[in-house]
Amino acid sequence: MSDVDKGDIIVLLNKIGKLLEIKGESPFKSRAYFNAAALLETLSEDMGTLIEEDRLKDLKGIGNALNKKITEFYRTGRLEYYESLKKEYPESLLEILNVPGVGPKKVGTLYKQFGIKTVGELEYACIENRLTELPGFGEKTQKKILDGIKQYKKYQGRYLYSDAYGQAEMIIDHLNTLGCIDKLEIAGSLRRKKETIGDADILASSDKPNEVMDAFTTGKYVSDIIEKGDTKSSIYTGLGIQVDLRVIKPEEYPYALQHFTGSKEHNVALRHRVKRMGLKMNEYGLFKADGTNVPVSGEAGLYRAIGLEYIPPEMREDMGEIEAAADNNLPKLVTDKDIRGIIHVHTNYSDGKCSVEEMAYRARDLGYSYICITDHSQSAFYAGGLKPDEVLRQWEEIDKLNNKDFGIRIFKGIESDILPDGSLDYPEEILKGFDIVIGSVHSNFGMTEKDMTARVVKAINNKYLTILGHPTGRLLLSREGYSIDMQEVMEQAAKNKKIIEINASPYRLDMDWRLLKKGKEMGILFSICPDAHNLEGLEDMKYGVGIARKGWLEKDNLLNCMDADSILKKCKRE
DNA sequence: GCCGTTTTCGGCCCGACTGTTTTCAGTCG
């Protein structure tokens, strides 16, 4: 037995697909590898079982050849075909594909003609002015590649949702001052509320596209213009984020909005469906075989015209939403308004900036009916974790505030470290005084998956733990989560009726939305928590709601959609 | 490399912009 898991197989298939593109194989062959990888991604069944029972080949998209290759890799941890492919086209070529403006064909040519294998070698060749010697490569291409490398090295091409959203909003505000725009909206992964964003897409409808494009490319936020056309222009903002603006005719708006919201996978699946219906779909319309357009009213009308319920943008990831929409079986997604209260807030007792009272007042003003204060526990010395006597002092203060009855209930909580041995950070007599105990891992990240899973599982089995905080500890774009078996964690949480946090901080958004749907099916209750350290942090709740929506959650799946009394009842220990 | 109310062979989703081209390939979404 090797320790290959599904993620390893997906990575391998994608790598093979890309190397085949670089090699110049049939695009349909490489696509077969990408399709298989995407298929496995949506699969919740255990890979081991599937392979042992020889049911892999029953999946639509996996034939004889892929079945054999996946099985070989799963059993031995090695795929001979891939090893020989790597001898021909080294793995390091894949990194070059991340440079904007460089695709598989160019990588292939550069490798065959110049032996360029890395981003660094490519940069050097550009500086040496050697690229222009190649047919099909000119002065401008070389400059574009050099700019692309600069961009890639600076930011690796991805941004936090919150950063990208801020830039897009600024541009929308600027364009809204024009008089000639009919409709204007954010599209793309930003509209789908992905946790990180490659670029921001904005869609406008206007009868005067040139005026709109001129305004877009001359705004104060522009640091560089990448391209400028009648229907599409792209710029880099001061933060280095690429923003694409598309301008279309007003009558094309619903079709274009759907198209440019994506995801690519959702749209491919949708077009397959549309094709089977004898229709054709693109950003300009929905067409019958004779070429006449099917008129629709809005994006919802477009989905209706192809026999589907309206699919909210957050769900458009080809994770089963099309099938659910065809069966009129889409969930009624949670909204910001469903959230009744805030859990997971730090104050100046530990590493927060504000007092209990200040945080509570702001939460009240934001319309919430309760707030649960959860400062760090005593072992978190780096964050000023609370010693038992400080806990008692905070409880007194909370009791006093609650007696004033100023329009919001304050719960006593703690974000207790889950210590390396899996225990919580206070003796029982302190733990039992909290209304809510969030348990989080803040130390010893380097444990093996087995040990880390055991550590967290032990905490989940502790009767004083209410909520498992940021379950992987990841920091988006900067720190990988610790290795942990989330399947096991979710099973234990379901069994022990423990709540799992959706940390709404835009730096975390942990747990990952891709796991939420599964957790929901397992009957797990989640809680959207801002992990706020100041007043502004309370407004991060909206990011968590977006992630919950991506994970198909409804208000009944969320602890903090309950009222204050129900929460206390829910969190009461036997 | 996969698949079949169009098919066991010949298809496989669709279009804009750029650059290097005299009609198109590559990249991107």
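As the structure is a prediction and not an experimental result, all values here were calculated from the model. Chain A is the first sequence line, chain B the second, and so forth, proteins listed ahead of strands; every chain is numbered from 1.
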Which is true for A:Asn35 with a 4.0 Å heavy-atom rule: it touches a base, it touches only sugar-phosphate, or it touches nothing?
nothing
Answer with base, sugar-phosphate or nothing: what part of the nucleic acid does A:Lys144 contact at a heavy-atom distance below 4.0 Å?
nothing
Determine the interatomic distance between P on B:dA16 and the same-named atom on B:dG10; round to the nearest Å.
31 Å
Would you mind checking if A:Arg514 and A:Glu195 are paired as a salt bridge, meaning a charged N to carboxylate O distance below 4.0 Å?
yes
Considering only the P atoms, how many Å lie between B:dG11 and B:dT6, rounded to the nearest integer?
15 Å
Would you tell me if any nitrogen or oxygen in the side chain of A:Tyr284 comes within less than 4.0 Å of OP1 or OP2 on B:dA16?
yes
May I have the step-by-step check of side chain to side chain contact (heavy atoms under 4.5 Å, CB included) for A:Phe260 and A:Glu283, ending in yes or no?
CA-CA 8 Å; A:Phe260 291 118; A:Glu283 58 263 55; 4.0 Å; yes
Contact class for A:Val102 vs. all strands (heavy atom < 4.0 Å): base, sugar-phosphate, or nothing?
sugar-phosphate
Please determine whether a side-chain nitrogen or oxygen atom of A:Arg246 lies at a distance below 4.0 Å from atom OP1 or OP2 of B:dG29.
no
Could you tell me whether A:Asn267 contacts a base, only the sugar-phosphate backbone, or nothing, with contacts defined as non-hydrogen atoms closer than 4.0 Å?
nothing
Phosphate-side-chain proximity, A:Lys106 and B:dA25, N/O vs OP1/OP2 below 4.0 Å
no
When we call it a touch if two heavy atoms are under 4.0 Å apart, what does A:Lys68 touch: a base, just sugar-phosphate, or nothing?
nothing
Looking for any heavy atom pair under 4.0 Å, which part of the strands does A:Glu283 touch: base, sugar-phosphate only, or nothing?
sugar-phosphate
Would you indicate what A:Val247 reaches in the nucleic acid, counting non-hydrogen atoms under 4.0 angstrom: base, sugar-phosphate, or nothing?
nothing
B:dG1 OP1/OP2 closer than 4.0 Å to side-chain N/O of A:Lys29:
yes
Counting only Watson-Crick pairs (N1-N3 plus N6-O4 or O6-N4) and G-U wobbles (N1-O2, O6-N3), all under 3.5 Å, who is the partner of B:dC17?
B:dG26
The residue, A:Gln242 or A:Glu227, whose nearest nucleotide of DNA chain B is more 5′ is A:Glu227
